[in-house]
Amino acid sequence: MSQAFDVVVIGGGPGGYIAAIRAAQLGFKVACIDEWKNAAGGPAPGGTCTNVGCIPSKALLQSSEHFEHANHHFADHGISTGKVTMDVAKMIARKDGVVKQNNDGILYLFKKNKVTFFHGRGSFVAAAEGGYQIKVAGAAEEVISGKQVVIATGSNARQLPGAEFDEVNILSNDGALRVGATPKKLGVIGSGVIGLEMGSVWRRLGAEVTILEALPTFLGAADEGVAKEALKVFTKQGLKIELGVKISEVKNGKKGVSVAYTNAKGEAVSLDVDKLIVSIGRVPNTIGLNPDAVGLKLDERGAIVVDDECRTNLPGVWAVGDVVRGPMLAHKAEEEGVAVAERMAGQHGHVNFNTIPWVIYTSPEIAWVGKTEQQLKAEGVAYKAGQFPFLANGRARALGDTTGFVKILADAKTDEILGVHIIGPMASELIAEAVMAMEFKASAEDIARICHAHPSLSESTKEAALAVDKRTLNF
Ligand code: FAD
Ligand code: NAI
């Protein structure tokens, strides 16, 4: 007799595991199926984010930043260390430990919330009376049923034709997070979020890093002012970033990788590196899901087609996260997971796509929410801009990290905040105030009138709000 559930969630990444927990909280009988295996073959829920994405990348960014501080900044504080060395194997082992804590945490949360976890691949068998049959192929094979199904099968790294990932020399995000020793020369194709974060990690540890980007503009999705400042700072740090390149050939040999490309001037160039990270975006993943068995509709990119509320073309089947349209971000996946669970329970789950923050965890960090200045111009919106540099912030000076600024864009007439763009220390944390303000439709004046602790980096946000009205106090 097959086990029957109210809700079956396929995929245990941030979209899936959060949907499962919220559905269980709302009283549904829930199963979550996830196939990710740890090194020992055991379950490792948490998806890309936990295993080869957000969490491990931030662990390595932290370790490499400590190393950089010890090498270059401790002396400013009067601390002398002698020669600082990096044990890469230990750094990777620490990162693996952090990942495991998160995997175990999710298994604990499943137990706590009475979500039944299945370790294996979930695929559609058929639509059944009042629901769907789902095959779970794990250590054993069984068929379970769900009255409703949430698909959260995530995404995979996009391959560059002719440069197959071997995870030894040509690395996806997976291999880039477990390089055994710092490469002398590292090439990166794509100056997006992964390219910059992983490029920064290995640059800090001593690799000579060259990033090759196809587009002529750097960080096109970010505000132009932020992107310009970021390019200046990253270049000064030693990242070699080439824009407007066209890759012609990638050769993977015993000694490393050779990349032939045409640069922005139209010259043919060859770059030899020990390792090459290819980070040119991600593609939705429905491998093994067997969508045809039930007639689940995919678009031309392979993403599952959903409406604004994450409903697929099939009754009772929902899809969330990287496998559907929208930004490929863990917090976007989580919000959709919660909203879907609440909709299944007859509530009014909601995701506000206008207030999803973006963060790039380089140093300085980059974070933004809402519209960029170039978007407002293109849309013909009349706006005011206020900017405040961290150079004029007491806490930033005390930290010894005064790069960057906070910029606030507000409607010229109503003063409503339309976008906030930060490059600087702890931008990832500072952006939360901006998201909250926008969610509550705050004006720049609202932030300007709120008491911010002194000395704190957040005073720069208040000052940027004052700058919208041309009345900064400290600049
Ligand atoms: P995933 O996390 O990809 O999870 C999908 C899960 O489903 C996986 O465990 C997979 O094994 C499982 N699965 C797939 N098919 C099946 C099947 N048929 N049966 C059973 N299981 C299946 N986002 C941020 O917001 N912040 C960051 O700092 C950040 N850093 C990142 C760094 C890197 C290097 C990468 C690659 C990504 C990063 N992301 C970050 C993006 C983030 O990881 C994704 O947006 C997020 O993981 C998407 O969640 P998801 O639940 O949709 O899919
Ligand atoms: P990305 O979309 O951020 O950047 C890809 C870059 O590669 C783009 O600049 C693109 O123009 C360039 N590119 C594409 N094809 C190319 C080619 N043939 N040659 C040279 N350049 C080429 O994708 P990335 O960095 O792979 O990351 C994937 C996704 O993972 C991100 O979009 C983001 O959603 C998520 N992510 C989020 C993080 C965060 O929130 N901090 C961190 C890392 C990843």
Side-chain angles (χ1 to χ4, degrees), residues 9-19 32-37 43-58 60-61 106 118-124 134-138 150-158 160-161 163 172-174 176-177 188-199 211-221 242-247 250 259 261 277-291 319-324 326-334 336-337 356-362 365-367 428:
V9 181
I10 307 177
Y17 91 80
I18 289 291
C32 183
I33 311 168
D34 188 84
E35 64 178 343
W36 207 292
K37 289 182 183 150
T48 301
C49 170
T50 302
N51 293 294
V52 290
C54 325
I55 301 298
S57 60
K58 267 80 252 178
L60 296 190
L61 279 156
I106 295 166
F118 291 89
H119 188 211
R121 172 167 284 186
S123 53
F124 282 104
I134 312 284
K135 182 170 85 180
V136 184
V150 182
I151 305 165
T153 45
S155 63
N156 292 318
R158 186 146 80 88
L160 181 71
S172 70
N173 56 294
D174 184 1
L177 288 160
V188 180
I189 301 186
S191 70
V193 201
I194 295 180
L196 292 173
E197 289 188 354
M198 296 317 299
I211 303 183
L212 302 175
E213 165 63 45
L215 292 178
T217 41
F218 180 63
L219 276 184
E242 280 207 52
L243 303 174
V245 311
K246 193 169 184 310
I247 309 290
V250 176
V259 184
Y261 64 96
I277 297 174
V278 178
S279 47
I280 56 168
R282 298 180 63 80
V283 288
N285 168 42
T286 51
I287 298 167
L289 188 63
N290 200 17
V320 301
D322 282 11
V323 76
V324 304
M328 289 187 170
L329 294 172
H331 41 283
K332 176 262 192 185
E334 290 182 9
E336 286 183 334
I356 293 176
W358 275 88
V359 178
I360 307 177
Y361 293 81
T362 43
E365 290 183 346
I366 297 169
S428 57

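Fair warning: this is a prediction, and the values are worked out from it, not measured in the lab. Just follow the structure's listing: the first ligand is 1, and inside any ligand the first atom is 1. Heavy-atom basis, side chains included; hydrogens, waters and symmetry copies ignored.
Closest heavy-atom approach to atom 38 (C) of ligand 2 within the set Val193, Leu215, Val188: this belongs to Val193. Of the options Val245, Ile280, Val259, Val283, the smallest heavy-atom separation from atom 22 (C) of ligand 2 is shown by Ile280.
Taking any N or O of Trp358, backbone or side chain, none lies under 3.5 Å from an N or O belonging to ligand 2. Geometrically, ligand 1 and Leu329 share a nitrogen or oxygen pair separated by less than 3.5 Å. Distances between N or O atoms of Tyr361 and those of ligand 2 include no value under 3.5 Å. At least one N or O atom of Gly122, backbone or side chain, sits closer than 3.5 Å to an N or O atom of ligand 1. An N or O contact shorter than 3.5 Å is missing between Glu197 and ligand 1 by distance. Remark: ligand 1 and Arg282 share no N or O pair separated by less than 3.5 Å (distance only, no angle test).
Of the protein's non-hydrogen atoms, Glu213 OE2, 2.6 Å is the one closest to atom 11 (O) of ligand 2. Protein heavy atom nearest atom 21 (N) of ligand 1, with residue, atom name and distance: Glu35 N, 3.2 Å. At the top of the distance list for atom 26 (O) of ligand 2, counting protein heavy atoms only, stands Gly281 N, 2.9 Å. Here the heavy atom of the protein found nearest to atom 2 (O) of ligand 1 is Thr48 N, 3.0 Å. Distance from atom 10 (C) of ligand 1 to its nearest protein heavy atom, with residue and atom name: Asp34 OD1, 3.8 Å. Gly11 CA, 3.2 Å is the protein heavy atom nearest to atom 7 (O) of ligand 1. Protein heavy atom nearest atom 40 (C) of ligand 1, with residue, atom name and distance: Cys54 SG, 3.2 Å.
Applying the 4.0 Å criterion to heavy atoms of Val52 picks out, from ligand 1, the atoms 34 (C), 36 (C).
Residue-level proximity to ligand 2 for Ile194 is carried by backbone and side chain together, each with a heavy atom below 4.0 angstrom. Proximity of Asn173 to ligand 2, defined as any heavy-atom pair under 4.0 Å, is not found for any part of the residue. At a heavy-atom distance under 4.0 Å, no atom of Lys246 approaches ligand 2.
Remark: Lys332 NZ is packed, more than 12 non-hydrogen atoms of other residues, nucleotides or ligands lying under 6.0 Å away.
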